[in-house]
Amino acid sequence: MKKIFSLVLFAGLICSGFAAEFVFPGWKCTDEAKLTAALDNAKGTWEKTVVMILQRINSEKVATYEALCTQIDAVIDTADFGSEAARESMRVTYKKQFPLCRGEYIAEAWAFCLKNPTSYDFYYYRSHAATLKFTDTQVYNAVLSCLLSYNYSAKETLGAVNQLLDKAVLADVTTQKADLQKLNRKFSPKLIADKAAWEPVVAAIRTAIETY
């Protein structure tokens with residue numbers, strides 16, 4: 001339940017992409033009128049809590065990751081996520097998502113990721129490898145593990161596959177063909193449900209396999 005809930009809400013929505021009638025004010029919005037309007041138009045718990053956390057950040061300036069987490073906790077504790085398991089799942093995800101999307105406390109948030117591993121860690125490997133001084137081998141192994149273990153959007157998956165191909169060369173990975181075959185087995189069935197979205201992903205994987 002925890003994994004499914006997190007992935008449904010965040011796959012493809014790392015830092016944007018809300019319902020059409022909901023105008024997201026931005027991760028660093030300080031315009032209270034925009035935040036209020038966004039909250040008024042928010043429909044689901046996720047939309048509401050994201051804006052409420054932004055309002056708290058705007059009204060109560062903090063300077064540490066720990067303080068940011070306290071602000072997140074205060075909002076999460078009052079929201080209705082349907083179950084305690086869902087609440088705790090979102091608590092962990094928000095403590096990773098807000099630093100990532102606001103571009104702050106990255107090192108501290110990554111330390112939190114290490115203690116609380118989830119599918120969202122994928123985005124740190126994708127966007128902050130240089131900041132966190134990951135080696136090419138670390139990125140390759142982590143992104144591959146995430147792709148095999150979790151489900152992301154076709155667009156995100158294609159970007160990750162291309163990243164894997166680059167890192168495999170830089171890290172001189174010797175298992176790349178076998179790894180790509182595993183990915184091919186996982187993603188090829190998705191062509192049945194949505195060929196247009198997943199065909200570029202599968203094509204990239206199969207083309208790379210053919211080079212061996």
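Start at 1 with the first residue, then count along the sequence.
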J.: If I take atom OH from residue Y65 and atom OG1 from residue T70, how far apart are they, to the nearest 0.5 angstrom?
T.: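 The OG1 atom of T70 is 10.5 Å from OH of Y65, to the nearest 0.5 Å.
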J.: Between V169 and L164, is there a shared hydrophobic cluster once you connect ILVMFWY residues whose side-chain heavy atoms come closer than 4.5 Å?
T.: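 No.
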J.: Over all heavy atoms of both residues, which pair between A197 and A154 is shortest? Give the atoms and the distance, please.
T.: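 Shortest heavy-atom contact: O-CB, 3.4 Å.
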J.: Run the side-chain contact (heavy atoms from CB on, under 4.5 Å) check on I57 and V62 step by step: do they pass?
T.: CA-CA 7 Å; I57 291 172; V62 298; 5.8 Å; no
J.: Do you know the tightest heavy-atom contact between C101 and Y120?
T.: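 Taking C101 first and Y120 second, the nearest heavy atoms are SG-OH, 4.1 Å.
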J.: With rounding to the nearest 0.5 angstrom, report the NZ to CD distance, K61 to Q71.
T.: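 Spacing of NZ (K61) from CD (Q71) equals 9.5 Å.
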J.: Under 4.5 Å between side-chain heavy atoms, hopping through other hydrophobics if needed: is there a path connecting V143 to L170?
T.: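 The answer is no; the residues belong to distinct hydrophobic clusters.
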J.: Tell me whether N184 contacts the main-chain N or O of L180 through its side chain, where contact means a donor paired with an acceptor under 3.5 Å.
T.: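 Here the side-chain-to-backbone pair does not exist.
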J.: Please report the shortest heavy-atom distance between P99 and Y105, naming the atom on each side.
T.: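 Answer, listing the atom of P99 first, then Y105: CB-O, 4.3 Å.
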J.: Please round to the nearest 0.5 Å and tell me the distance separating atom NZ of K186 and atom CD1 of I205.
T.: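 Interatomic distance, K186 NZ to I205 CD1, rounded to 0.5 Å: 10.0 Å.
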J.: Are L183 and I192 connected in a single hydrophobic cluster, I mean Ile/Leu/Val/Met/Phe/Trp/Tyr linked by side-chain heavy atoms less than 4.5 Å apart?
T.: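 No, because I192 and L183 fall into different hydrophobic clusters, even though each may have its own neighbours under 4.5 Å.
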J.: Can you name the nearest heavy-atom pair linking T45 to A79, along with the distance?
T.: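 Closest pair (atom of T45, atom of A79, distance): CG2-CB, 4.3 Å.
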J.: Looking at D136 and K167, would you say the former's side chain and the latter's main chain have a donor-acceptor pair under 3.5 Å?
T.: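 Checked: no pair found.
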J.: Identify, with sequence neighbours excluded, every residue that meets salt bridge (charged side-chain N to carboxylate O under 4.0 Å, His left out) alongside K48.
T.: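 Per chain and number, K48 pairs via salt bridge (charged side-chain N to carboxylate O under 4.0 Å, His left out) with no residue.
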J.: Does S83 use its side chain to pair, donor to acceptor, with the backbone of A86 at less than 3.5 Å?
T.: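 Looks like yes, one N/O pair under 3.5 Å.
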J.: I want to check something: taking the side chain as every heavy atom from C-beta on, are R206 and S188 in contact at a cut-off of under 4.5 Å?
T.: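 Yes; the side chains approach each other to less than 4.5 Å.
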J.: Do the side chain of S149 and the main chain of C146 share a donor and acceptor less than 3.5 angstrom apart?
T.: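 No.
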J.: Would you say that L148 contacts L144 through its side chain, given a criterion of any heavy-atom pair below 4.5 Å between the two side chains?
T.: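 Yes, at least one pair of side-chain atoms sits under 4.5 Å.
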J.: Are the side chain of E47 and the backbone N or O of K43 linked by a donor-acceptor pair below 3.5 Å?
T.: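 Yes: the side chain of E47 pairs with the backbone of K43.
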J.: Working note: D73 + K95, criterion salt bridge (Lys or Arg N to Asp or Glu O under 4.0 Å); need CA distance, chi angles, decisive distance, verdict.
T.: CA-CA 9 Å; D73 285 335; K95 289 180 180 181; 3.0 Å; yes
J.: Is there a side-chain contact between T131 and Y124 (heavy atoms, below 4.5 Å)?
T.: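 The answer is no; the side chains never approach within 4.5 Å.
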J.: Give a yes or no answer on whether the side chain of S119 reaches the backbone of Y150 with a donor-acceptor pair at less than 3.5 Å.
T.: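 No; zero donor-acceptor contacts below 3.5 Å.
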J.: Just wondering, do F22 and V51 contact through their side chains at under 4.5 Å, heavy atoms?
T.: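 Sidechains of F22 and V51: in contact.
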J.: Applying side-chain hydrogen bond (donor to acceptor under 3.5 Å, both in side chains) between Y123 and each of K96, Q97, E156, report the one that passes.
T.: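 Only one option passes, and that is E156.
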J.: Between I106 and L132, what is the shortest heavy-atom contact and its length?
T.: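 That would be CG2-CD2, 3.9 Å.
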J.: With heavy-atom distances below 4.5 Å as the criterion, would you say the side chains of R56 and I53 are in contact?
T.: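 With C-beta onward as the side chain, the pair stays apart.
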J.: Salt bridge check, D77 against R91: does any charged N sit closer than 4.0 Å to a carboxylate O?
T.: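 Counted as a salt bridge, because a side-chain N and a carboxylate O are separated by less than 4.0 Å.
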J.: Could you tell me which residues satisfy ring pair (Phe, Tyr, Trp, His ring centres under 6.0 Å) with F134, sequence neighbours excluded, listed by chain and number?
T.: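 Residues passing ring pair (Phe, Tyr, Trp, His ring centres under 6.0 Å) with F134: W110, Y125.
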J.: Would you find a donor on one side and an acceptor on the other, under 3.5 Å apart, between the side chain of Y140 and the backbone of D166?
T.: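 Checking the backbone N and O of D166 against the side chain of Y140, no donor-acceptor pair under 3.5 Å is found.
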J.: Just how far is it from atom NZ of K177 to atom CD1 of I209, taken to the nearest 0.5 Å?
T.: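 CD1 of I209 is found 8.0 Å from NZ of K177.
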J.: Looking at CD of Q163 and OG1 of T157, how far apart are the two atoms once the value is rounded to the nearest 0.5 Å?
T.: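 Answer for the CD-OG1 pair, Q163 versus T157, is 12.0 Å.
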J.: Compute whether any side-chain donor of one residue and acceptor of the other, for T207 and E210, lie under 3.5 angstrom apart.
T.: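 Side chains of T207 and E210: no pair found under 3.5 Å.
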J.: Spell out, as yes or no, whether a donor-acceptor pair under 3.5 Å connects the side chain of D121 to the backbone of T118.
T.: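 Confirmed, D121 side chain pairs with T118 backbone.
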J.: Is the F24 ring parallel, tilted or perpendicular to the W27 ring (thresholds 30°, 60°)?
T.: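 Because their plane-to-plane angle is over 60°, the rings of F24 and W27 count as perpendicular.
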J.: Do the side chain of E199 and the main chain of A196 share a donor and acceptor less than 3.5 angstrom apart?
T.: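 No, the answer is negative, given that no donor and acceptor are paired below the 3.5 Å cut-off.
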J.: Provide the closest heavy-atom pair for D31 versus C29 in the form atom of the first, atom of the second, distance.
T.: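 Shortest heavy-atom contact: N-SG, 3.4 Å.
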J.: Do F187 and W198 have side chains that get closer than 4.5 Å, going by heavy atoms?
T.: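 F187 reaches W198 side chain to side chain.
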J.: Does Q55 form a side-chain contact (heavy atoms from CB on, under 4.5 Å) with N58? I'd like the steps, not just the answer.
T.: CA-CA 5 Å; Q55 286 182 315; N58 189 41; 5.6 Å; no
J.: Without swapping roles, check the side chain of T93 against the backbone of S89 for a donor-acceptor pair under 3.5 Å.
T.: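 Flag set: sc T93 to bb S89 pair under 3.5 Å.
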J.: Would you compute the distance between atom CG of L54 and atom CZ of R102 and round it to the nearest 0.5 angstrom?
T.: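 L54 CG to R102 CZ: 6.5 Å, rounded to 0.5 Å.
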J.: Mind checking whether F98 and Y94 have parallel, tilted or perpendicular rings, split at 30° and 60°?
T.: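 Perpendicular.
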